Amino acid sequence: MLIGLAATLFRAPPVTLYTFISRFSPNSHGFLSITPTRLFITAASLRRDENKEVDDYAELKEKVENLGICCNSVTPEEYTRLMCPKCKGGRSMGKCLSFHMSSKRNSALWRCFNIECGWAGQIPHNSMASDGVHQLGRMNFPRILTEESLKLEPLGDMLTAYFSKRMISKDTLKRNHVMQMAGDQIIIAFTYRRNGMLIGCKYRTLEKRFWQEKGADKVLYGLDDVREADEIIIVEGEIDKLSVEEAGFPNCVSVPNGAPQGIASKELLPLEEDTRFSYLWNCNECLEKASRIVLATDGDLPGQALAEELARRLGKERCWQVCWPKKDELSIYKDANEVLVNLGREALKEAIECAVPYEMQNLN
Ligand SMILES: [Zn+2]
């Protein structure tokens, strides 16, 4: 409201005046506190500012309209819900695009909250210096991820060789946008995308240490590959997803957070509390279309617990389960990549094709 008052004063007839303008800044607890700042404004500077703002706004409006966003109803410094030109609101047909314009009306930032769309952008593109963008950052607006902002680069020789040993080809790496972190360390970056847009990233060192980009929505790895799939294969890790692709099945996704230690509780948690499996609900629009889901999780106990957790959420009647081939008399191969490396593409393909109905495999 104080900003609104200031804006009214800026549009008032040019006079010399004193006014108070509030500067919002979060205190150490993350709450906004208000610090009054005294400004001396001359008539000439008022006119100059006013003209510049009109020009900036006209330019911004044109750019935004070229993208299909209508910003006539937008008030600077407020979040306005608009129609998303990319998804037109998806199934809900609602105004799912959150749009924000800076106080000077020279920069804008937006993100679509339709989970299947997620379109986001900003103008100017490198506007980190503009006050509007800084304020959004403080207010925990979902981050806009880019390969540049995450400092990602194409895979170098060392990691390409590492993947080659694990039988993952350059073509598969490229198609899945597997990258590496720029810098001295050797770190794989598995990029998570939805509708082609970067929405998350999981890092992995060669010593098998994992971490993820904070604040990203939890989704399945490879989601865009199962968008129209009638049959979906689910694995337990990104490298298994790449392995299954090497065996001829691109219609495969990986869970983003591995396997649980065991089956959590007999009763399913209500949706909003089911955080460990939120990726299933976030990707439901793709999953619900599939008539057959092949669970190809690891052959160990956590892998079997994961299969059970997935099956009870996805519906056991449409789930099949892969049984990994025997390694020797006492043990079996652990996962898709082990089968690929030790037995080859054909063996992995056969294991997936021989999946058995989940309920038949788990009679108890
Ligand atoms: Zn959208």
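Positions are given from 1 along the sequence. This is a predicted model, so every value here is computed, not measured.
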Spell out, yes or no, whether [X] and [Y] are grouped together once hydrophobic residues are joined by side-chain heavy atoms under 4.5 Å, including indirect joins.
{"X": "L206", "Y": "I168", "result": "yes"}
{"X": "I332", "Y": "L301", "result": "no"}
{"X": "L155", "Y": "M158", "result": "yes"}
{"X": "I186", "Y": "I188", "result": "yes"}
{"X": "I263", "Y": "L310", "result": "no"}

Under-4.0 Å salt bridge between [X] and [Y]:
{"X": "E359", "Y": "R312", "result": "no"}
{"X": "D225", "Y": "R175", "result": "yes"}
{"X": "E148", "Y": "K151", "result": "no"}

For [X], look at atom [atom1] and say whether over 12 heavy atoms of other residues, nucleotides or ligands are found less than 6.0 Å away.
{"X": "D184", "atom1": "CG", "value": "no"}
{"X": "K174", "atom1": "NZ", "value": "no"}
{"X": "E288", "atom1": "CD", "value": "yes"}
{"X": "N66", "atom1": "CG", "value": "yes"}
{"X": "E285", "atom1": "CD", "value": "yes"}

Do [X] and [Y] pair up side chain to side chain, a donor and an acceptor below 3.5 Å, judged on atom types alone?
{"X": "T205", "Y": "Q185", "value": "no"}
{"X": "D240", "Y": "S243", "value": "no"}
{"X": "E246", "Y": "T172", "value": "yes"}
{"X": "K61", "Y": "N72", "value": "yes"}
{"X": "S278", "Y": "D274", "value": "no"}
{"X": "N176", "Y": "E245", "value": "yes"}

Answer whether the closest heavy-atom distance between the side chains of [X] and [Y] falls below 4.5 Å.
{"X": "L242", "Y": "L173", "result": "yes"}
{"X": "Y192", "Y": "C201", "result": "no"}
{"X": "I234", "Y": "V294", "result": "no"}
{"X": "V253", "Y": "I232", "result": "yes"}
{"X": "F277", "Y": "N282", "result": "no"}
{"X": "N106", "Y": "Y57", "result": "no"}

Closest contact, heavy atoms only, [X] versus [Y]:
{"X": "D224", "Y": "G196", "answer": "OD2-N, 2.7 Å"}
{"X": "A229", "Y": "N251", "answer": "CB-CB, 4.2 Å"}
{"X": "V74", "Y": "L82", "answer": "CG2-CD1, 4.1 Å"}
{"X": "C96", "Y": "G89", "answer": "SG-CA, 3.6 Å"}

* To do: Using the side chain to side chain contact (heavy atoms under 4.5 Å, CB included) rule, take D230 and K289 through it: C-alpha gap first, then chi angles, then the decisive distance, then the call.
  => CA-CA 7 Å; D230 183 47; K289 286 188 233 164; over 6 Å; no

Checking the side chain of [X] only, and the main-chain atoms of [Y] only, is there a donor and an acceptor separated by less than 3.5 Å?
{"X": "R227", "Y": "L223", "value": "no"}
{"X": "T191", "Y": "H177", "value": "yes"}
{"X": "S98", "Y": "R81", "value": "no"}
{"X": "E338", "Y": "K334", "value": "yes"}
{"X": "K88", "Y": "P85", "value": "yes"}
{"X": "D335", "Y": "N337", "value": "yes"}
{"X": "R318", "Y": "A290", "value": "yes"}
{"X": "W119", "Y": "C87", "value": "no"}
{"X": "E77", "Y": "K104", "value": "no"}
{"X": "Q180", "Y": "E153", "value": "no"}

* Asked: Taking the six-membered ring where the residue is Trp, are the ring centres of Y333 and W324 under 6.0 Å apart?
  ->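 When the ring centroids of Y333 and W324 are compared, they turn out to be at least 6.0 Å apart.
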
* To do: Take I199 and R193 through the test side chain to side chain contact (heavy atoms under 4.5 Å, CB included) and record every step on the way to the result.
  => CA-CA 5 Å; I199 57 156; R193 288 164 199 267; 5.6 Å; no

* To do: Specify whether F190 and F163 have parallel, tilted or perpendicular ring planes, treating 30° as the upper limit for parallel and 60° as the lower limit for perpendicular.
  => perpendicular

* To do: Decide salt bridge (Lys or Arg N to Asp or Glu O under 4.0 Å) for E308 and K316; before the verdict, give the C-alpha distance in whole Å, the side-chain angles of both, and the deciding distance to 0.1 Å.
  => CA-CA 9 Å; E308 172 67 17; K316 288 184 178 174; 2.8 Å; yes

* Evaluate the criterion side chain to side chain contact (heavy atoms under 4.5 Å, CB included) for residue pair K202 and Y221; output intermediate values, then yes/no. => CA-CA 10 Å; K202 189 159 149 194; Y221 177 66; over 6 Å; no

* **salt bridge (charged side-chain N to carboxylate O under 4.0 Å, His left out) against R276, all qualifying residues, sequence neighbours excluded** => none

* To do: Determine, step by step, whether D328 and S331 satisfy the side chain to side chain donor-acceptor pair (under 3.5 Å) criterion, reporting the C-alpha distance in whole Å, the side-chain angles of both residues, the deciding distance to 0.1 Å, and the verdict.
  => CA-CA 6 Å; D328 50 47; S331 58; 3.0 Å; yes

* **CA sep, side-chain torsions, deciding dist, call: E213, L145, side chain to side chain contact (heavy atoms under 4.5 Å, CB included)** => CA-CA 9 Å; E213 207 51 55; L145 302 181; 4.3 Å; yes

